[in-house]
Asks: 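Have a look at this one before I ask anything.
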Amino acid sequence: MEEHEDAQYCFQDRNSSCKMDSLSTPMYMSLYIFFSLISVVTVFLNLLVIISISHFKHLHTPTNLLILSLAVSDHLVGLIVIPSMTVAIMESCWVPGEYFCVLLLYTYLVCTSLSLGNLVLISFDRYVAVCDPLLYHSKITIPRIKLFIFIIWCCSIIYNVVSLNLTVNVHVPSRCFEECYFSEGFFSGIIVDLFISLVIPCSIILTLYLKIFVVARSQARKVFSKGPTTVSGVKNEQAIKSERKASKTLAIVVFNYLMCYIPIYLYQCIHVASGNSSSAFVCFLLLINSLINPIIYAFLYPWFKVTVKRILTLNLRRL
């Protein structure tokens, strides 16, 4: 009872929610600096990916266009979502404004669903490249990939408008961050979103990569079982090895995302449903994936290392 009486609330006219949490000044400043650094590094690294693929024409391949789309969504995460989510985590009193909570949640949902949609397209691209390499260039063309990317962005933008109407108090001003989560259709919206945003896309990704793994292992056995090869045979082997390496790289990106996304999504649903404000911090953990992706490219893609050196030294001549 004493704790309840001593508790300070953000709004004097509404003492049922929004307790003021007190952090020591050093801890408060340290956390803000830490989150700010994550935001700046995420923006910078993904900007390097965007400039690399956009500027150098020889990188305009279907696979790299998908990486570009993923980098754009990750860039938006670092530029908009991480700073906003930092405020949501650090400030127990919701200071940005009454309706900004809805805008923040919408941007967060759009960026995460875009990442998942891009990863589905990447999985399909790798599946065709490894399992049907002879028809890859006829099936996966740049105009088709651009169309698929456009569809993914449109679907993500439209779907999350509908999702927000089901799960968020869009018409109710929110003066505490956790207040804008709930509406009458919240739980039904969560169940629908669970299948659309988790079960269906993740099942597609895992199924495609399982098939890729089986076919790649079969191809490796055939290559090792052959004797001396002709020049065209060597070229085919090199092409197969190149596609397998690209598939492994992108598989790391995909599974890194899924390992962050699946547990965090389920945990987030439980805590948001229980009204626990710690869900904001859980949401933030998924956003760190946007920082990890370009680091994976830097270590595993030779072209990224070359283009980054050129960009940082302002040597932007066409290769």
Side-chain angles (χ1 to χ4, degrees), residues 42 45-46 49-50 53 61-78 81-82 107-131 136 139-140 142 144-160 163 193-213 215-216 243-266 268 283 285-301 304:
T42 301
L45 291 179
N46 282 289
V49 177
I50 293 169
I53 298 175
T61 64
T63 303
N64 286 345
L65 288 180
L66 294 175
I67 293 175
L68 175 62
S69 178
L70 183 61
V72 170
S73 63
D74 287 341
H75 181 73
L76 291 176
V77 168
V81 183
I82 291 180
T107 309
Y108 172 83
L109 290 172
V110 167
C111 289
T112 52
S113 59
L114 277 174
S115 295
L116 197 56
N118 285 318
L119 293 179
V120 171
L121 291 180
I122 287 173
S123 302
F124 181 73
D125 171 78
R126 290 298 86 205
Y127 172 77
V128 177
V130 173
C131 301
Y136 175 77
K139 286 184 176 181
I140 308 297
I142 288 179
R144 284 183 181 176
I145 287 296
K146 287 181 178 179
L147 177 62
F148 288 144
I149 291 172
F150 177 76
I151 291 172
I152 287 293
W153 278 74
C154 288
C155 288
S156 178
I157 291 169
I158 295 169
Y159 167 73
N160 284 295
S163 179
D193 188 62
L194 183 67
F195 279 92
I196 296 177
S197 298
L198 181 68
V199 176
I200 295 174
C202 291
S203 297
I204 293 171
I205 290 171
L206 293 173
T207 301
L208 289 176
Y209 268 99
L210 182 61
K211 291 184 177 180
I212 290 170
F213 173 76
V215 172
E243 293 296 351
R244 281 208 304 267
K245 183 179 179 181
S247 298
K248 287 179 182 177
T249 302
L250 292 171
I252 293 171
V253 174
V254 169
F255 285 107
N256 170 66
Y257 184 87
L258 293 183
M259 289 306 100
C260 292
Y261 184 76
I262 294 175
I264 289 173
Y265 187 93
L266 295 174
Q268 174 189 335
C283 293
L285 295 178
L286 177 58
L287 302 178
I288 296 177
N289 182 76
S290 298
L291 169 66
I292 297 173
N293 285 343
I295 294 175
I296 294 174
Y297 305 145
F299 280 104
L300 298 178
Y301 271 131
F304 185 66

Asks: Applying side chain to side chain donor-acceptor pair (under 3.5 Å), can you list everything that pairs with Thr61, at least two apart in sequence or on another chain?
Replies: Asn64

Asks: Taking atom CD1 of Ile212 and atom CG of Leu208, what is their separation to the nearest 0.5 Å?
Replies: 6.0 Å

Asks: With sequence neighbours excluded, what pairs up with Pro62 under the side chain to side chain contact (heavy atoms under 4.5 Å, CB included) test?
Replies: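 Scan of Pro62 (side chain to side chain contact (heavy atoms under 4.5 Å, CB included), adjacent residues dropped) gives Asp125, Tyr136, Ile140, Ile142, Ile145.
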
Asks: Could you work out, with side chain to side chain donor-acceptor pair (under 3.5 Å) as the rule, every residue matching Asn46, not counting sequence neighbours?
Replies: none

Asks: Got a second to check how far Phe304's CZ is from Ile296's CD1, nearest 0.5 Å?
Replies: 11.5 Å

Asks: Might you point out which heavy atoms bring Ser115 and Ser73 nearest each other, and give the distance in Å?
Replies: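 Closest approach of Ser115 to Ser73, heavy atoms only: OG-OG, 3.6 Å.
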
Asks: Applying side chain to side chain donor-acceptor pair (under 3.5 Å), name anything that partners Lys139, two or more places apart in sequence or on another chain.
Replies: Asp132

Asks: Side-chain contact, heavy-atom cut-off 4.5 Å: Ile82 with Val77?
Replies: yes

Asks: Just jot down the side chain to side chain contact (heavy atoms under 4.5 Å, CB included) partners of Ser69, sequence neighbours excluded, or say none.
Replies: Asn118, Ile149, Trp153

Asks: Can you name the nearest heavy-atom pair linking Leu45 to Ile295, along with the distance?
Replies: CD1-CG1, 3.8 Å

Asks: Output the distance between atom CD1 (Ile67) and atom CD1 (Ile122), rounded to the nearest 0.5 Å.
Replies: 6.0 Å

Asks: Check Cys131 against Val215 and note the closest heavy-atom contact, atom names and distance.
Replies: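 Where Cys131 meets Val215 most closely, the heavy atoms are SG-CG2, 3.5 Å.
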
Asks: Heavy atoms, side chains only, cut-off 4.5 Å: are Phe124 and Leu121 in contact?
Replies: no

Asks: Would a 4.5 Å heavy-atom cut-off, applied to side chains only, mark Ile152 and Leu114 as touching?
Replies: yes

Asks: Taking only residues two or more places apart in sequence, or in another chain, which ones meet Ile200 in a side chain to side chain contact (heavy atoms under 4.5 Å, CB included)?
Replies: Ile204

Asks: How close do Tyr108 and Val81 get, heavy atom to heavy atom, and via which atoms?
Replies: CD1-CG1, 3.8 Å

Asks: Could you tell me whether the side chain of Thr63 reaches within less than 4.5 Å of the side chain of Arg126, counting heavy atoms only?
Replies: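 Side-chain contact under 4.5 Å: yes.
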
Asks: Quick check: closest heavy atoms across Thr42 and Gly78, and the distance to 0.1 Å?
Replies: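 Of all heavy-atom pairs spanning Thr42 and Gly78, the closest is CG2-CA, 3.8 Å.
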
Asks: Mind checking whether Lys146 and Leu65 have side chains closer than 4.5 Å, heavy atoms only?
Replies: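 They are in contact (side-chain heavy atoms under 4.5 Å apart), so the answer is yes.
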
Asks: Working to the nearest 0.5 Å, report the span between CZ of Phe148 and SG of Cys155.
Replies: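 Between Phe148 CZ and Cys155 SG, I get 11.5 Å after rounding to 0.5 Å.
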
Asks: Going by the side chain to side chain contact (heavy atoms under 4.5 Å, CB included) test, name the single residue among Thr112, Thr107, Val110 that passes it with Asn160.
Replies: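 Answer to the side chain to side chain contact (heavy atoms under 4.5 Å, CB included) test with Asn160 among Thr112, Thr107, Val110: Val110.
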
